[in-house]
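Below is one structure; the comments refer to it alone.
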2 protein chains.
Amino acid sequence: MSDRQHVTLEDVARTAEVSLATASRALNGTTRVRDDLRERVLSAAAELAYTPNAHAQALAGGSRRTVGVICHDISDPYFAAITRGVMRVADSHGLLVMLAGTFADPDRELACVSALRAQRATAILLTGSAFEDRAWERRMAAELDPYRRGGGRVAVVTRHRSLKADTVAPDNRGGARAMAEAMHRLGHRRFAVVTGPERLTTVADRVTGFREGLAAAGIELSERDVFTSSFDRDGGYAAAGALLAARHRATCVLTASDVMALGVVSALREAGLSVPDDVSVTGFDDLPLVRDLAPPLSTVALPLERLGAEALELALDPGSASRGRVRRLPGEVLLRGSTARPRRRRRA
Amino acid sequence: MSDRQHVTLEDVARTAEVSLATASRALNGTTRVRDDLRERVLSAAAELAYTPNAHAQALAGGSRRTVGVICHDISDPYFAAITRGVMRVADSHGLLVMLAGTFADPDRELACVSALRAQRATAILLTGSAFEDRAWERRMAAELDPYRRGGGRVAVVTRHRSLKADTVAPDNRGGARAMAEAMHRLGHRRFAVVTGPERLTTVADRVTGFREGLAAAGIELSERDVFTSSFDRDGGYAAAGALLAARHRATCVLTASDVMALGVVSALREAGLSVPDDVSVTGFDDLPLVRDLAPPLSTVALPLERLGAEALELALDPGSASRGRVRRLPGEVLLRGSTARPRRRRRA
DNA sequence: CTGTTAGCGCATTCAT
DNA sequence: ATGAATGCGCTAACAG
């Protein structure tokens, strides 16, 4: 039993008693090969449990069978859904997905791109929102440009300022605006916003949308109406705590994501408030699970899987050489049980 | 602008005016290199935005920087949590994660292993439960054995009969038994089980556990008490519908997973039943989100991230040459709001 | 310490 | 249609 015993194409060729070239051709179907020879090769390969060495294939210039996906945290259902969309189309193209998690660390994101570059991935998909940071953008471009020059394709989900990559852009701003307007129409006049750090472009866009929608109704959001925390469930919980502590009189809390809304609702409920009787709460994304909440969450629905699927399709399609094409996807306001008309007077 | 312009180590060496070998050593820190030379190499590499070709590195026998994770569906929070654990330790080892989704298709699972094998992944982690199918097991072994022979490591989460791979095994059976007993102690006497297809070993183990726990209390589960459907949220919803249609008189529904429980609760609620006043419902896994449900779900808590993390650690640790070591992790019964003492008489 | 050289496994020219 | 030879980019002997 030798140390590492990889079956190579040469083994297959020898077993089939053909040349290396013929074995390669028979396996790849590149060129016509006499039937009996091909049979021999195929059965030899099967017998030896041969698997081509993808590295050798890639090196020899034969293939690039992987795509890289970079997200903040795969256990966030938002990224899970997007990644699922990516995997669907990757699967249909016979591509393998390399998933990299950055845990929202800008430096780690850079490192991931570098690693994916090294793997000569066919395409790199940036699914997390960008960081609003000049220096970081420059470094990211410094990674991506050589990658592109080497034939790599790049696509991003959501806006990446000055990255001039193919983009799939959900309408965060418009969706947020529409939601704010819808809540105003419902009768709400006192609002609070619960959100993540605004250096994330997604967050910034959504908050801007909320502001615009409210402004259109003549309502200004002051600094004290915006509660910022981490962009996850616990952030929502904490922000709602702060809101409660500040005795904020909002009848409606606009939240920048469904996951944060989850935390908001829990905090409110623990404080003895009823959603939506005392406070209406809205989310953003329409994660699969929020319809199963009690009450089901009103939210801005985004076609998450499509976001991922189209990002990969865009990257794979040589269309315009991966210049900055932008595919916009709308968000849809979904009013469910977590929102209601405000009561005349607030209890407690 | 040539077609594909990859910067290679040779370019770096030439720019730094050193030999190829020196450049390689300077970059990898393999051997001591004179400081000034090393400086020249490093700055040349930076200037040219050089990234080593991972394929060439792998081919030359230098590295195996990726691990493969195979799961059923990354948008299932169960797999997302496990994968997150894997990614954490992968990150700390400088490894990249290749994620493959099988959508619970046995054939696709085989194909994924083959692809990962081709990529010469350091380790392959099977996180989905096995399929109870002799022929399938044989074919899987036929993929895995040569992979191992080539130095590849394999670890699985949950039981894979006769795969003799390193295993991280949550105590599905024991946890299920404990939950059944807990519900009996709470006062329940009429039970129903909602579950996925029993050809999945995880499902089979959990159902067995339920049966054992109930049997210990003198309660036999008949065929009509078990509602089988797809192992996801919609499956739970459908199964609960069937249960309702059959006018089953259970006061407690034991569900094989949290995701299924999500569907069960929704269906029950839509039918006008209250959880837990009319029916108690239990889940399995303790997904992060279930504590935010109203009522929060009683469930068997599994350390999901640890499952993934330990699987990779096990695979990476050369310990006993990847023989069938088994690391068992207990499940803990968590009683929350979705369960209560049965009422004397059932309403409706 | 540094440079030269030989493969790693494969796809792909070239000849035949 | 098939076989022999070249090189992809890199690391690890091997010499100096």
Side-chain angles (χ1 to χ4, degrees), chain A residues 2-41 44-45 48-65 117-121 146-147 150-152, chain B residues 2-41 44-45 48-65 117-121 146-147 150-152:
Chain A
S2 69
D3 194 24
R4 60 187 173 92
Q5 202 67 283
H6 271 298
V7 176
T8 74
L9 186 58
E10 196 175 339
D11 298 325
V12 175
R14 195 179 317 117
T15 305
E17 297 179 298
V18 298
S19 77
L20 221 163
T22 301
S24 172
R25 292 190 272 247
L27 257 12
N28 298 310
T30 320
T31 314
R32 198 94 209 112
V33 173
R34 225 172 61 209
D35 283 5
D36 59 323
L37 289 192
R38 191 159 43 81
E39 279 316 314
R40 269 171 28 210
V41 172
L48 298 175
Y50 167 73
T51 293
N53 184 325
H55 295 304
Q57 290 186 147
L59 230 208
S63 66
R64 291 154 87 69
R65 323 247 84 240
R117 246 180 90 193
Q119 295 288 338
R120 298 296 184 269
Y147 173 68
Chain B
S2 68
D3 195 24
R4 59 187 174 93
Q5 201 65 281
H6 272 298
V7 177
T8 75
L9 186 59
E10 196 174 339
D11 298 325
V12 175
R14 195 180 315 119
T15 305
E17 297 179 299
V18 298
S19 77
L20 223 167
T22 302
S24 173
R25 291 191 273 249
L27 257 12
N28 298 310
T30 320
T31 315
R32 198 92 210 114
V33 173
R34 224 171 62 209
D35 284 5
D36 58 324
L37 289 192
R38 191 160 41 79
E39 278 315 313
R40 284 203 334 242
V41 172
L48 299 175
Y50 168 72
T51 294
N53 184 325
H55 294 303
Q57 288 182 317
L59 229 208
S63 65
R64 293 153 83 71
R65 324 246 82 244
R117 206 157 61 98
Q119 295 289 336
R120 297 298 183 268
Y147 172 68

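Sequence lines set the chain letters: A, B, ... in the order given, protein chains first and strands last, and positions in each chain run from 1.
- B/Val7 and B/Leu48 get closest at one heavy-atom pair: CG2-O, 3.5 Å.
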Begin with the C-alpha distance, continue with both residues' side-chain angles, and end with the deciding distance and a verdict on side chain to side chain contact (heavy atoms under 4.5 Å, CB included) for A/Val18 and A/Arg40. CA-CA 9 Å; A/Val18 298; A/Arg40 269 171 28 210; 3.9 Å; yes
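- Taking OG of B/Ser19 as the start and CZ of B/Arg14 as the end, the distance is 13.0 Å to the nearest 0.5 Å.
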Show your reasoning for whether side chain to side chain contact (heavy atoms under 4.5 Å, CB included) applies to B/Asn53 and B/Thr8. CA-CA 8 Å; B/Asn53 184 325; B/Thr8 75; over 6 Å; no
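- Following rounding to the nearest Å, B/Arg120 (CZ) and C/dG9 (P) show an atom-to-atom distance of 8 Å.
- Rounded to an integer number of Å, the gap from A/Asn53 CG to D/dC10 C1' is 14 Å.
- If B/His55 and A/Thr31 are placed on DNA chain D by their nearest nucleotide, the residue sitting closer to the 5' end is A/Thr31.
- Summary of helix geometry: the two end axes of the helix from C/dC1-D/dG16 to C/dT16-D/dA1, each defined by five base pairs via their C1' atoms, are inclined to each other by 40° (rounded to 10°).
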If a protein heavy atom is under 4.0 Å from the base, mark B; if only from the sugar-phosphate, S; if neither, -; do that for nucleotides 11-16 of chain D going 5' to 3'. BBB---
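- Taking 4.0 angstrom as the limit, A/Ser19 places a side-chain polar atom (N or O) nearer than this to OP1 or OP2 of D/dG3.
- With B/Tyr50 as the fixed residue, the side-chain contact (heavy atoms from CB on, under 4.5 Å) test singles out one of B/Val12, B/Val41, B/Thr15: B/Val12.
- The minimum heavy-atom distance linking B/Ala26 with B/Arg38 is given by the pair CB-CG, 3.9 Å.
- Atom NE2 of B/His6 is separated from atom P of D/dC8 by 13 Å (rounded to the nearest Å).
- As a whole-Å value, the separation of B/Asp11 CG from D/dC10 C1' is 13 Å.
- Taking only side-chain nitrogens and oxygens, A/Thr22 never comes nearer than 4.0 Å to OP1 or OP2 of D/dT2.
- Across C/dC1, D/dT2, D/dA1, the shortest atom-to-atom separation from the side chain of A/Arg32 is found for D/dA1.
- One atom, CG of B/Leu48, and another, P of D/dG9, lie 14 Å apart when rounded to the nearest Å.
- B/Pro52 and B/Gln57 get closest at one heavy-atom pair: CB-NE2, 3.5 Å.
- Of the possible donor and acceptor atoms, one in the side chain of A/His55 sits under 3.5 Å from a partner among the backbone N and O of B/Gln119.
- Taking atom CD of residue B/Glu10 and atom C1' of nucleotide C/dT5, one finds them 13 Å apart after rounding to whole Å.
- The CG atom of A/Leu59 sits 12 Å away from the P atom of C/dG9 (whole-angstrom rounding).
- One interatomic measurement links the two molecules: CZ of B/Arg14 to P of D/dG9, which rounds to 12 Å at whole-angstrom precision.
- Between B/Leu9 and B/Ser24 the shortest side-chain heavy-atom distance falls below 4.5 Å.
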